[in-house]
Amino acid sequence: LPERSNLAGVQHILLVLSGKGGVGKSTISTELALALWHSGKKVGILDVDLCGPSIPRMLRVQDRAVHQCDSGWVPVFVGQDKGISLMSIGFLLERPDDAVVWRGPKKNALIKQFVTDVAWGDLDFLIVDTPPGTSDEHISTVEALRPHKLLGAILVTTPQ
């Protein structure tokens with residue numbers, strides 16, 4: 001019997017990307033998740049912005065901890081109805097404002113672990129908030145997600 005993927009119950013995956021920082025990727029990711037949740041969808045957010053994980057703070061869950069279960073990490077649930085699931089490196093740091101100073105291989109390993117080892121359950125949408133730019137982290141994320149149903153990407157830009 002093949003091992004069941006933790007993403008098997010995820011219907012659509014959306015990447016939120018930009019060529020530069022400070023354009024509002026995390027805001028778009030958060031607002032999109034809230035809008036989908038308000039329309040009755042089950043939503044998860046995977047925050048792979050390892051150097052600036054802001055989504056836990058945006059959703060006011062930065063003080064929560066991640067727990068283990070048989071199939072990996074249990075995401076942090078947001079809201080009384082637990083309508084949004086969230087995984088972020090922000091939950092794994094000693095202090096939320098700690099800097100992550102890692103080289104490529106360690107970052108790529110954590111991204112791969114986030115994709116394979118988080119027990120998302122059944123979701124209509126998984127929104128992936130990426131770091132700014134076009135780095136190794138983006139390639140690692142897309143390669144780890146490639147076997148799964150990737151709905152597409154939202155490119156956040158500014159007028160200049």
Side-chain angles (χ1 to χ4, degrees), residues 1-17 25-26 29-30 32-131 135-153:
L1 199 66
E3 188 180 324
R4 181 178 147 87
S5 158
N6 276 335
L7 290 174
V10 176
Q11 297 306 308
H12 305 291
I13 301 171
L14 264 176
L15 292 174
V16 180
L17 309 152
K25 280 181 305 304
S26 296
S29 297
T30 301
L32 182 60
L34 289 167
L36 288 165
W37 170 64
H38 281 296
S39 72
K41 304 292 184 202
K42 291 189 67 128
V43 184
I45 304 175
L46 176 55
D47 184 2
V48 294
D49 188 349
L50 304 183
C51 296
S54 54
I55 294 193
R57 178 173 288 140
M58 290 177 146
L59 291 172
R60 295 192 176 138
V61 290
Q62 67 268 31
D63 54 344
R64 304 266 183 87
V66 170
H67 302 287
Q68 294 277 327
C69 69
D70 289 344
S71 50
W73 284 325
V74 178
V76 168
F77 297 106
V78 180
Q80 290 183 324
D81 68 344
K82 300 183 175 181
I84 297 176
S85 311
L86 172 61
M87 177 52 77
S88 170
I89 194 174
F91 300 129
L92 306 177
L93 301 174
E94 295 252 336
R95 292 184 303 277
D97 295 328
D98 281 355
V100 177
V101 185
W102 289 353
R103 296 182 62 107
K106 195 166 178 184
K107 286 181 178 179
N108 296 342
L110 181 65
I111 289 169
K112 199 168 285 178
Q113 196 173 358
F114 272 169
V115 170
T116 57
D117 293 353
V118 177
W120 293 107
D122 292 329
L123 295 177
D124 295 307
F125 289 91
L126 178 62
I127 297 164
V128 183
D129 185 45
T130 66
S135 65
D136 280 354
E137 284 118 289
H138 297 88
I139 295 167
S140 296
T141 302
V142 170
E143 283 182 354
L145 291 170
R146 182 170 287 146
H148 308 283
K149 301 176 211 104
L150 194 62
L151 177 65

Donor-acceptor list for residues 42-53 side chains, cut-off 3.5 Å, not counting sequence neighbours:
unit_1	atom_1	unit_2	atom_2	d
Asp47	OD1	Asp49	N	3.2
Asp47	OD2	Ser88	OG	3.1
Asp49	OD1	Gly52	N	3.2

Thr30 meets the side chain to side chain donor-acceptor pair (under 3.5 Å) criterion, sequence neighbours left out, with none
**OP:** Report the C-alpha distance between Trp73 and Gln68 in whole Å, list the side-chain angles of each, state the deciding distance to 0.1 Å, and finish with yes or no for side chain to side chain contact (heavy atoms under 4.5 Å, CB included).
**Re:** CA-CA 5 Å; Trp73 284 325; Gln68 294 277 327; 2.5 Å; yes
Exercise: identify the closest heavy-atom pair between [X] and [Y]:
X      : Y      : answer
Val118 : Pro75  : CG1-CD, 4.0 Å
Ile89  : Phe114 : N-CZ, 3.6 Å
Val66  : Phe91  : CG2-CB, 3.4 Å
Val115 : Ala144 : CG1-O, 3.6 Å
Leu17  : Lys25  : C-CD, 3.6 Å
Arg57  : Gln62  : CA-OE1, 3.6 Å

Looking at side-chain heavy atoms only, is the closest gap between [X] and [Y] below 4.5 Å?
X      : Y      : answer
Leu34  : Ile84  : yes
Ile111 : Thr141 : yes
Leu36  : Asp124 : no
Val76  : Leu59  : no
Ser29  : Ile55  : yes

By ring-ring contact (aromatic ring centres under 6.0 Å, His included), Trp120 pairs with (sequence neighbours left out) none
Keeping the roles fixed (side chain from Ser85, backbone from Phe77), state whether a donor-acceptor pair exists under 3.5 Å.
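Pair absent, no side-chain N/O of Ser85 close to backbone of Phe77.
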From [atom1] ([X]) to [atom2] ([Y]), nearest 0.5 Å:
X      : Y      : atom1 : atom2 : result
Asp129 : Leu14  : CG    : CG    : 12.0 Å
Cys69  : Asp117 : SG    : CG    : 10.0 Å
Leu126 : His12  : CG    : NE2   : 12.0 Å

